[in-house]
Amino acid sequence: MTVHRADLIDLLRSAVPVQALRPGTQVRRVRPDGTVLHGGGTSTADLVVGADGLHSVTRRSLWPHAPGPRYVGYTTWRLIAPPQPIEGSAETWGRGERFGHLPMPDGRVYCYLMANAPAASQAGLAELRERFARWHDPIPALLASAREDTVLQHDTYELPNLRTYVRGKAAVLGDAAHAMTPNLGQGACQALEDAVTLAHAVDTLGMSPGLAAYDRARRPRTQLIVRRSRQVGAFAHWTSPSLTALRDVAIPLLPRSFFERSLAPAYSWTI
């Protein structure tokens, strides 16, 4: 199922009491004892959950010597194309670049594009249309129908493994704990799994045992998916003509069961 991220956020936000939200508050530091220093002063809590993304203040505060995010060598564009008839979802690989599309429930089409590039490089919709003009249908048509204001571009990063996701009364989840490349489409999904697991563990086991159980359950799984996603991206972004030719011949010959076994760990999960 493909769900627009904004719709999912609205759904989750609707379940939270309005008075519990403090939008626009800048967190400056998190301490293991549950103290949070922020723009409005200082707060303390029985549990602090750092779900603050790739450049997490929580992670930097609790593990100041841990390595930061690393650029993987390619940039990613995302856009929503207007409703149009397409047959299912697909991802096409080229030499150091690729294009994927998925239909959404309302008929619009979610598209993502990736290309090898130096960090912080920029390209707009016009450049993307020219770059993919000779690719197969419906790729040129999808780009032709898109609007410039729907295009988002972000460099692609992943986070080196942390030794633990928990310190004292604080835990990190999602990209703050295990930012991964988007090659398996699991970034937001793993954050949701983290949240459900953490809540269940703390609710059933208590604070300290629950945090330990959360770390034991989530760290091996998420770090495995980080590694698998990195491996998929490496094959997809080869630029050597001989290697890409070999790849393009070999992959269609692999049995469907091979892909099912490879993807099962990422897409199968129970709490």
Side-chain angles (χ1 to χ4, degrees), residues 1-3 5 53-54 67-79 86 88-103 109-119 121 128 131-132 135-136 139 142 152-162 173-194 218-269:
M1 178 181 293
T2 304
V3 180
R5 188 178 299 238
L54 177 69
R70 59 190 173 209
Y71 181 54
V72 299
Y74 48 89
T75 190
T76 301
W77 296 267
R78 294 170 292 148
L79 60 91
I86 63 168
S89 59
E91 182 173 298
T92 302
W93 292 4
R95 293 179 185 172
E97 56 191 5
R98 54 188 155 140
F99 188 105
H101 59 80
L102 300 89
V109 184
Y110 169 65
C111 304
Y112 57 93
L113 307 82
M114 300 178 184
N116 295 354
S121 60
L128 296 178
R131 183 170 198 152
F132 291 90
W135 285 47
H136 65 77
I139 292 173
L142 288 168
L152 300 174
Q153 180 182 359
H154 298 93
D155 284 344
T156 312
Y157 287 84
E158 68 174 14
L159 186 67
N161 289 347
L162 287 174
L173 61 75
D175 280 359
H178 47 70
M180 62 187 68
T181 58
N183 301 309
L184 295 178
Q186 283 293 301
C189 298
Q190 291 305 308
L192 292 170
E193 288 185 15
D194 287 347
R218 295 305 301 166
R219 189 160 38 86
R221 170 168 171 74
T222 53
Q223 291 177 354
L224 169 66
I225 295 175
V226 169
R227 185 168 63 253
R228 291 278 176 90
S229 187
R230 181 194 314 131
Q231 292 167 346
V232 171
F235 288 113
H237 285 269
W238 283 348
T239 56
S240 163
S242 58
L243 286 177
T244 53
L246 177 63
R247 177 199 68 191
D248 296 347
V249 169
I251 287 181
L253 300 177
L254 295 172
R256 182 181 180 88
S257 59
F258 170 81
F259 297 101
E260 292 174 347
R261 289 195 304 270
S262 299
L263 296 175
Y267 293 102
S268 303
W269 172 76

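- Residues that satisfy the side-chain hydrogen bond (donor to acceptor under 3.5 Å, both in side chains) test with Asp155, not counting sequence neighbours, are Thr75.
- No side-chain N or O of Asn161 forms a donor-acceptor pair with one of His178 less than 3.5 Å apart.
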Show me the donor-acceptor pairs within less than 3.5 Å that the side chains of residues 109-116 make with the rest of the protein, sequence neighbours left out.
residue: Tyr112; atom: OH; partner: Glu91; partner atom: OE1; Å: 2.4
residue: Asn116; atom: OD1; partner: His237; partner atom: ND1; Å: 2.8
residue: Asn116; atom: ND2; partner: His237; partner atom: O; Å: 3.2

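- For residues 250-262, the salt bridge (Lys or Arg N to Asp or Glu O under 4.0 Å) pairs, not counting sequence neighbours, are Arg256-Glu260.
- Partners of Pro255 by side chain to side chain contact (heavy atoms under 4.5 Å, CB included), not counting sequence neighbours, listed by chain and number: Ser257, Phe258.
- Applying the ring pair (Phe, Tyr, Trp, His ring centres under 6.0 Å) test to Trp77 and every residue at least two apart in sequence or in another chain returns nothing.
- With sequence neighbours left out, Thr181 forms a side-chain hydrogen bond (donor to acceptor under 3.5 Å, both in side chains) with Asn183, Ser229.
- Looking at residues two or more places apart in sequence or on another chain, you find a side-chain hydrogen bond (donor to acceptor under 3.5 Å, both in side chains) between Thr92 and His136.
- Judged as a salt bridge (charged side-chain N to carboxylate O under 4.0 Å, His left out), and not counting sequence neighbours, the contacts of Arg131 are Glu97.
- The backbone N or O of Tyr74 lies less than 3.5 Å from a partner atom in the side chain of Thr156, making a donor-acceptor pair.
- A search for side chain to side chain contact (heavy atoms under 4.5 Å, CB included) contacts involving Ile225 returns Met180, Leu184, Gln186, Gln190, Arg221, Ala266, not counting sequence neighbours.
- In this structure Tyr71 satisfies the ring pair (Phe, Tyr, Trp, His ring centres under 6.0 Å) test together with Tyr157, sequence neighbours excluded.
- Residue pairs that meet the salt bridge (Lys or Arg N to Asp or Glu O under 4.0 Å) test with at least one member in residues 229-247, sequence neighbours left out, are Glu158-Arg230.
- Judged as a ring pair (Phe, Tyr, Trp, His ring centres under 6.0 Å), and not counting sequence neighbours, Trp269 has no contacts.
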